[in-house]
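Small disclaimer: the values here were computed from a predicted structure and weren't measured. Remember, it's 1-based here, ligands and their atoms both numbered in the order they're listed. If you read the sequence from its start, that first residue is 1, and numbering goes on from there.
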Amino acid sequence: MSVYVFGHRNPDSDSIVGAISISYLKNQVENEEYIPARQGDISAETEFILDKFDGKLPMLKTSVAGEKVFIVDSTDKIHFQDDIDEATILGIADHHKLGDLTTDTPLEAWIRPIGCSNTVVYEMYKSYGVEIPKNIAGMMMMAILSDTVIFKSPTCTKVDTKAVKELAEIAGVEDYKKLAMEMFIVKSAVDGASARDLNTRDYKEFNMNGTKVGVGQLEMVDITVLEPREEELLEDMRKMKEENGLHTVLILLTDIMKEGSKLLVVSDDESKIEAAFNTKLQDHKVWLDKVLSRKKQVIPFVQPQF
Ligand code: MN
Ligand code: MN
């Protein structure tokens, strides 16, 4: 029986590359066939990575009842297929807070508070003594550079920078920072994108003690290009809130050069968000200096408000 490997809904590069890198590793060391999968469409950023390093698009897998699975880049039930409870989870590789998924059988869990799931996978390769193929090394390197915002994110550790350097060597990439900037420029493209496209480009919902909160993030090299569209984004956030029965929708417009985020807020109670960040909103917006990471600088402060 095959094992499907996939990351969270609305997959980012870490989820897609993680499915590929874990599957390859497992196929070297186990008898069962591991198959890279995904829960949705890939982003322009991920497409850039797959193109550059000759990566194959993982298969779409939106139902997993009765299947064996290995999950990457989240352990929150809300981020997986509706029938994930009916799958057998063989393993996890992740770098987020521990979520609410449970299992009936023993599993392997590789979870570390570092910058990227692919850094965790890199350590798995080391631990198994499996050589990383050149193209997979390139993709893993790009996933780490994406998740750590080229090492600028507070989630980035020495383990991540060391992994990138070694992976760059295997992949034969000399100037990995330059290649990462190219990737972020691709990621920053907003022309022709609807407000909903932008709000959901990297969007996750969280169950905060029974209250649903949606948090999206756009990482860009210059967020001022979105200034004329902020009202339109807020208007669409109000729609998302209604459609999905959310208490709050937050969108982070993250400027990777200025190293901070403009937070857009639509909420039943804005005072909770003001309290979370110890700030005052103006017209449903506020600039949060140095805030680059949703998992480390946003969720841990918003969650206690609920
Ligand atoms: Mn992710
Ligand atoms: Mn990740």
Side-chain angles (χ1 to χ4, degrees), residues 5-23 36-50 55 58 61 69-81 84 91-101 109-125 136 139-157 159-161 163-164 167 180 183-184 187 199-207 213-219 250-252 254 256 261 292-300:
V5 186
F6 46 81
H8 53 78
R9 280 185 207 273
N10 206 358
D12 55 3
S13 297
D14 197 19
S15 284
I16 297 295
V17 174
I20 295 169
S21 55
I22 291 169
S23 296
R38 62 188 161 93
Q39 295 193 63
D41 292 338
I42 62 167
S43 66
E45 179 200 81
T46 306
E47 208 176 323
F48 174 85
I49 296 173
L50 295 183
K61 190 83 182 151
V69 303
F70 194 115
I71 62 174
V72 58
D73 206 32
S74 174
T75 56
D76 282 329
K77 214 186 224 179
I78 197 170
H79 297 158
F80 290 93
Q81 294 90 344
I84 188 74
I92 299 167
D94 189 26
H95 66 128
H96 292 83
K97 72 176 178 68
L98 191 58
D100 53 359
L101 273 173
W110 305 75
I111 304 175
R112 291 194 65 191
I114 54 181
C116 182
S117 296
N118 271 280
T119 309
V120 177
V121 178
Y122 168 78
E123 302 219 304
M124 290 168 68
Y125 272 84
I136 292 181
M139 289 188 270
M140 290 170 72
M141 173 192 79
M142 295 304 272
I144 301 170
L145 288 163
S146 167
D147 260 20
T148 63
V149 194
I150 322 182
F151 307 150
K152 290 179 187 178
S153 170
T155 60
C156 186
T157 67
V159 190
D160 300 291
T161 50
V164 164
L167 290 164
M183 170 176 73
F184 274 100
K187 188 177 203 170
N199 282 338
T200 58
R201 192 174 273 181
D202 176 5
Y203 173 77
K204 287 178 177 174
E205 288 181 355
F206 297 87
N207 179 346
V213 175
V215 187
Q217 183 172 28
L218 283 169
E219 287 171 335
L250 305 177
I251 298 292
L252 291 152
T254 299
I256 71 163
S261 297
L292 295 173
S293 166
R294 171 171 49 195
K295 75 169 74 58
K296 196 162 179 172
Q297 295 171 298
V298 176
I299 304 306

*asked:* Of all the N, O or S atoms in D12, which has the shortest distance to the Mn ion (ligand 1)?
replied: OD2
*asked:* Among the N, O or S atoms of H8, which one sits nearest to the Mn ion (ligand 1)?
replied: NE2
*What's the NE2-the Mn ion (ligand 2)-OD1 angle here (H95, D73), rounded to 10 degrees?*
90°
*Could you please compute the angle at the Mn ion (ligand 2) from OD2 of D147 to OD2 of D14, rounded to 10°?*
90°
*With a 3.5 Å cut-off and no angle check, do the side chains of H95 and D73 form a donor-acceptor pair?*
yes
*Mind checking whether H79 and F6 have ring centres under 6.0 Å apart?*
no
*asked:* What I'd like to find out is whether the side chain of V159 reaches to under 4.5 Å of the side chain of Y122, using heavy atoms alone.
replied: no
*Nearest atoms (heavy-atom pairs only) where P11 meets I16*: CB-CD1, 3.7 Å
